[in-house]
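Report on the structure given below.
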Number of protein chains: 2
Amino acid sequence: MKKVEIKCPIDYSIALLGGKWTLPIIYVLTKDSPKRFKVLEREVNGITPTMLTSRLRALEEEKLVYRKIYPTIPPTVEYGLTENAEKLKPVINELEKFGLFHQGLMK
Amino acid sequence: MKKVEIKCPIDYSIALLGGKWTLPIIYVLTKDSPKRFKVLEREVNGITPTMLTSRLRALEEEKLVYRKIYPTIPPTVEYGLTENAEKLKPVINELEKFGLFHQGLMK
DNA sequence: CAGTATCCCATAGGATACTG
DNA sequence: CAGTATCCTATGGGATACTG
């Protein structure tokens, strides 16, 4: 057991999740998934299409989000959480608890 | 990281903790606190004095770290976790678990 | 020892316009 | 609808040198 490198997974997680939009996107998907692009754009407050596309592509590569295309006219694309993303729920839950605590602390 | 008035606790936590060095600094302090500046510089791998100072000042303002100065020659300054920072342990723990899981997933 | 003072840069993120 | 294509900016972060 190398206790010394135990902080690496934390760096790793922060690199993965620490962006401005990553967890907000995942969060709205935890409440209801899958969702269409336009719905995400509306529910993730303040995000632009460019950023949304960019983050969704990354999340796909990281196997946290899947993408399903329906060849309709006009196009329909659905984004949903993968099984792997289930593992994020405790993380989100703890971040939420801490956020609430610290917000209370600072005012 | 900027101080914003964010409603969503998750956005808030990410804004607070999402930087490159914040959690690494806190993490080494969870293992043993307080620590002197030089010790932190050594244990937080890769950090520069500039960044370390910058992050420690922010963490002080956020009441997660305290600073104690001993008027010795040469100067001694100790940094330690506050009680509030205890609330971060579950967050760190979950981030660590997720990091390990996802690292395994991706290789 | 415990920092500052500068200067610099990459890139995350944003604004706007356009398309299959 | 679901994106791209451009272009641009702010700032988080880094390198180096210096000081009370």
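So you know, we letter chains A, B, ... as the sequences are listed, proteins then strands, and number each from 1.
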Check your understanding: To the nearest Å, how far apart are A:I25 CD1 and D:dG3 C1'?
Key -> 14 Å

Practice item. For DNA chain D, determine which residues of residues 57-74 of chain A have any heavy atom closer than 4.0 angstrom to one of its atoms, and list them numerically. Key: A:R57, A:R67, A:P74

**Study point:** Validation row: B:L59, B:T22 side chains within 4.5 angstrom (heavy atoms)
**Key:** yes

Check your understanding: In whole angstrom, what separates A:L56's CG from C:dG13's P?
Key -> 14 Å

Study note, to complete from the structure: Among the nucleotides D:dG14, D:dA2, D:dT4, whichever has the atom closest to the side chain of A:T53 is D:dT4

Check your understanding: If you take all heavy atoms of A:G80 and A:S33, which pair is closest and at what distance?
Key -> CA-OG, 3.1 Å

Practice item. Using whole Å, report how far NZ of A:K35 lies from C1' of D:dC1. Key: 17 Å

Revision key, fill the gap. Per the 3.5 Å Watson-Crick/G-U criterion and a run length of at least three, the stems involving DNA chain D are C:1-20 with D:1-20

Review point. Do A:F98 and B:L16 touch side chain to side chain, with heavy atoms closer than 4.5 Å?
Key: yes

Check your understanding: Taking CE from A:M51 and P from C:dG13, how many angstroms apart are they, rounded to a whole number?
Key -> 5 Å

Check your understanding: Which whole-number value in Å describes the distance from A:F37 CZ to D:dA2 P?
Key -> 8 Å

Point to revise | Phosphate OP1/OP2 of C:dA2: any B:R36 side-chain N/O under 4.0 Å | key: yes

Review point. Between atom CZ in B:R55 and atom C1' in D:dG12, what is the gap in whole Å?
Key: 9 Å

Check your understanding: Going by heavy atoms in the side chains, are A:L81 and A:V65 under 4.5 Å from each other?
Key -> yes

Point to revise | Residue pair B:N84 / A:H102, side-chain heavy-atom distance below 4.5 Å | key: no

Revision key, fill the gap. In short, salt bridge (charged side-chain N to carboxylate O under 4.0 Å, His left out) pairs touching residues 38-51 of chain A with sequence neighbours left out are A:K35-A:E43, A:K38-A:E41

**Study point:** Listed partners of A:T50 passing side-chain contact (heavy atoms from CB on, under 4.5 Å), at least two apart
**Key:** A:T48

Exercise for review: Can you tell me the distance, in whole Å, between the CG atom of A:L52 and the P atom of C:dG14?
Suggested key: 12 Å

Check your understanding: Is there a side-chain polar atom (N or O) of B:W21 under 4.0 Å from OP1 or OP2 of D:dG12?
Key -> no

Check your understanding: Any side-chain heavy atom of A:L17 within less than 4.5 Å of one from A:L95?
Key -> no

Exercise for review: Mind listing the closest non-hydrogen atom pair of B:A85 and B:L64 along with its distance?
Suggested key: CB-O, 3.5 Å

Review point. Between A:K38 and D:dG3, is there a side-chain N or O to OP1/OP2 distance below 4.0 Å?
Key: no

Exercise for review: Would you please confirm or rule out a distance under 4.0 Å between OP1 or OP2 of D:dG3 and any side-chain N or O of A:Y79?
Suggested key: yes

Exercise for review: Would you mind building the protein contact string for nucleotides 15-20 of chain D? One character per nucleotide, 5' to 3', B for base within reach (heavy atoms under 4.0 Å), S for sugar-phosphate only, - for untouched.
Suggested key: BB---B

Review point. Taking atom P of D:dG12 as reference, at what distance in whole Å does atom NZ of B:K20 sit?
Key: 14 Å

Review point. Is there side-chain contact between B:I25 and B:W21, with heavy atoms separated by less than 4.5 Å?
Key: yes

Exercise for review: Sorted by first residue and then second, give each salt bridge (charged side-chain N to carboxylate O under 4.0 Å, His left out) pair with at least one member in residues 63-82 of chain A; sequence neighbours left out.
Suggested key: none

Point to revise | Side chain to side chain, B:F37 and B:T53, heavy atoms closer than 4.5 Å | key: yes

